[in-house]
Protein chains: 2
Amino acid sequence: MPLDLIDSDPASAPDRPERPGRPGRRRDHSRDPEILDAAIEVLAEEGYDGMTMEMVAARAKAGKATLYRRWPSKGELVVDAVACMKSRDLDLDNLPDTGTLRGDLVAMIKPRTLEEADRKMQVMAGLMSVLSRSPELVEAINAAIVAPRAEVNRRLIERAIARGEISADIDVNVLALVAPSMTAYRLLVTQRPVDREYLLSIIDGIVLPAVGLRAPRA
Amino acid sequence: MPLDLIDSDPASAPDRPERPGRPGRRRDHSRDPEILDAAIEVLAEEGYDGMTMEMVAARAKAGKATLYRRWPSKGELVVDAVACMKSRDLDLDNLPDTGTLRGDLVAMIKPRTLEEADRKMQVMAGLMSVLSRSPELVEAINAAIVAPRAEVNRRLIERAIARGEISADIDVNVLALVAPSMTAYRLLVTQRPVDREYLLSIIDGIVLPAVGLRAPRA
DNA sequence: GGTATCCGAAACTGATCAGTTCCGTATATA
DNA sequence: TATATACGGAACTGATCAGTTTCGGATACC
């Protein structure tokens with residue numbers, strides 16, 4: 001089970017420039033996105049150990065040699081793929097603002113978001129057994145999957161505090177993790193779906209009561 | 001990545017009889033516990049794919065052939081090992097009874113319990129990528145790891161309701177999952193330790209406020 | 001058109017590992 | 001003491017897969 005994700009080059013940015021011209025010139029990295037997307041797909045379906053470089057190449061309609069021309073090993077391709085999985089479903093600069101904490105939290109429940117969360121959790125599950133051996137993977141996952149979701153909740157809660165809706169005497173850091181933790185647990189551990197109903201039961205059964213608010217009468 | 005945990009025999013009980021006499025007689029299964037324990041250890045350290053039958057055999061000071069005399073495949077050995085990992089740290093018939101919900105919850109925080117939970121989460125992480133392909137593994141994990149912990153919380157909460165400490169108008173099923181979910185998330189996803197302090201912040205920051213109780217002034 | 005470059009495909013190497021077979025030995029019963 | 005059984009160890013097979021090499025074809029530039 002070799003992993004050697006040493007990746008000793010701290011200057012390697014996870015962000016890649018968009019394709020400059022249309023076709024290739026010099027070092028052409030224009031096909032990187034397709035390959036990284038393919039890697040994420042295979043990762044979600046098969047897990048790290050089940051993923052083979054041939055699967056990724058086939059899915060991206062590329063040759064295996066092409067993968068190795070860009071990434072020195074399977075491990076580094078995976079780290080890169082995860083790092084480039086940045087949230088397209090969450091936009092921190094464009095959060096809902098309904099005037100109430102419950103309204104904001106409920107407004108975050110969108111099919112698109114649920115779907116993205118599910119996909120990310122699949123990827124996470126596939127990488128779980130490898131995490132303890134790869135700090136850079138932990139970091140990549142944290143930045144791409146974990147942190148954004150907690151940050152959304154933190155902002156919504158802080159806004160509710162700022163407008164005086166809820167007490168400032170609240171452990172925001174822990175509270176912001178309730179929903180992400182419980183959805184991850186449900187998806188990963190108990191293998192049951194996270195749907196609107198489950199999220200509402202977390203919001204109305206835990207989060208709102210914990211800050212002294214009540215759900216509207218049904 | 002073959003798994004074929006078909007295990008089509010529904011009569012195979014996960015409980016094995018204790019060694020009947022001291023040494024072997026006829027079918028001698030007296031070494032099964034050592035082998036299963038070894039499997040759990042390797043599983044926790046290496047994960048399902050990283051675990052080899054040779055590792056398990058070596059750890060149990062057994063021959064690889066001996067493993068295959070007892071279990072038809074790696075997959076079935078693992079299911080059996082998980083099923084036999086029954087909680088020795090949690091005793092549902094002997095729960096703390098301090099008179100308050102907070103007292104009971106805090107009394108559950110014991111070094112022995114924390115350690116066991118950590119070990120079980122390591123095993124869980126190692127099996128995560130395989131879960132989606134093995135319903136019997138999901139079932140075994142659920143019975144051995146997931147259900148007992150939620151059941152403890154459920155009983156403590158229901159007792160608090162029965163004695164009138166908290167309102168009966170509470171979503172017990174969801175509330176009982178808060179602590180297990182958040183500890184699993186912290187251990188598995190963010191790779192940070194679950195210590196007494198973190199558990200107290202869950203109890204005092206989420207669970208108690210959610211049922212309308214306050215933590216004692218520090 | 002000529003040339004240089006990157007591409008995908010495919011064959012190849014070496015290592016690892018699930019599962020099998022065989023063998024010499026230890027032990028318990030009789 | 002003789003016999004039967006299960007043991008641990010070691011050698012073996014077959015499949016899979018990371019990573020490498022080669023090659024013929026496409027495309028961009030001059």
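Note that the structure is predicted; figures quoted are calculated from it, not measured. So that the names make sense, note that chain A is the first sequence line, chain B the second, and so on, each numbered from 1.
- Ion pairing between a basic and an acidic side chain is recognised when a charged N comes within 4.0 Å of a carboxylate O; B:K110 and B:E116 show no such pairing.
- Between C:dC7 and A:R70, a contact under 4.0 Å exists linking OP1 or OP2 to a side-chain N or O.
- Atom CG in B:L67 sits roughly 12 Å away from atom P in C:dT20 (whole-Å rounding).
- Looking at residues 54-66 of chain B, you'll see B:K61, B:A62, B:G63, B:A65, B:T66 sit with a heavy atom under 4.0 Å from some atom of DNA chain D.
- The side-chain hydrogen bond (donor to acceptor under 3.5 Å, both in side chains) analysis of residues 192-204 of chain A, with sequence neighbours excluded, yields the pairs A:R102-A:D204.
- On a pure distance criterion of 3.5 Å, a polar donor-acceptor pair joins the side chain of A:R69 and the base of C:dG8.
- Across D:dC17, C:dA18, D:dG19, the shortest atom-to-atom separation from the side chain of A:S73 is found for D:dG19.
- Rounded to whole Å, the distance from OH on A:Y68 to P on C:dC7 is 16 Å.
- Closest to the B:K74 side chain, of the nucleotides C:dG19, C:dG8, D:dC7, is C:dG19.
- The distance from atom CD of A:E136 to atom CD of A:E139, rounded to the nearest 0.5 Å, is 10.0 Å.
- Remark: B:T98 pairs with B:D104 by the side chain to side chain donor-acceptor pair (under 3.5 Å) rule, at least two apart or across chains.
- In this structure, CE of A:M51 is placed 18 Å from P of D:dT16, rounded to the nearest angstrom.
- Distance, A:R31 CZ to D:dT27 C1': 14 Å, rounded to whole Å.
- One atom, CE of A:M53, and another, C1' of D:dT20, lie 12 Å apart when rounded to the nearest Å.
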Show me, pair by pair, the donor-acceptor contacts under 3.5 angstrom made by side chains of residues 141-157 of chain A, not counting sequence neighbours?
unit_1	atom_1	unit_2	atom_2	d
A:R149	NH2	A:D89	OD2	3.3
A:E151	OE1	A:R154	NH1	3.0
A:E151	OE2	A:R155	NE	3.1
A:N153	ND2	A:A176	O	3.2
A:R154	NE	A:N173	OD1	3.3
A:R154	NH2	A:N173	OD1	3.0

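- Rounding to whole angstrom units, OH of residue A:Y48 and C1' of D:dC17 are separated by 12 Å.
- As rounded to whole Å, 16 Å separates atom C1' of D:dA18 from atom CH2 of A:W71.
- Taking the side-chain contact (heavy atoms from CB on, under 4.5 Å) definition, one finds that B:N94 meets it with B:D91, sequence neighbours left out.
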Which donor-acceptor pairs under 3.5 Å do side chains of residues 54-66 of chain A form with protein atoms, sequence neighbours excluded?
unit_1	atom_1	unit_2	atom_2	d
A:R59	NH1	A:E41	OE1	2.9
A:R59	NH1	A:E45	OE2	3.1
A:R59	NH2	A:E45	OE1	2.9
A:T66	OG1	A:R69	NH1	3.2

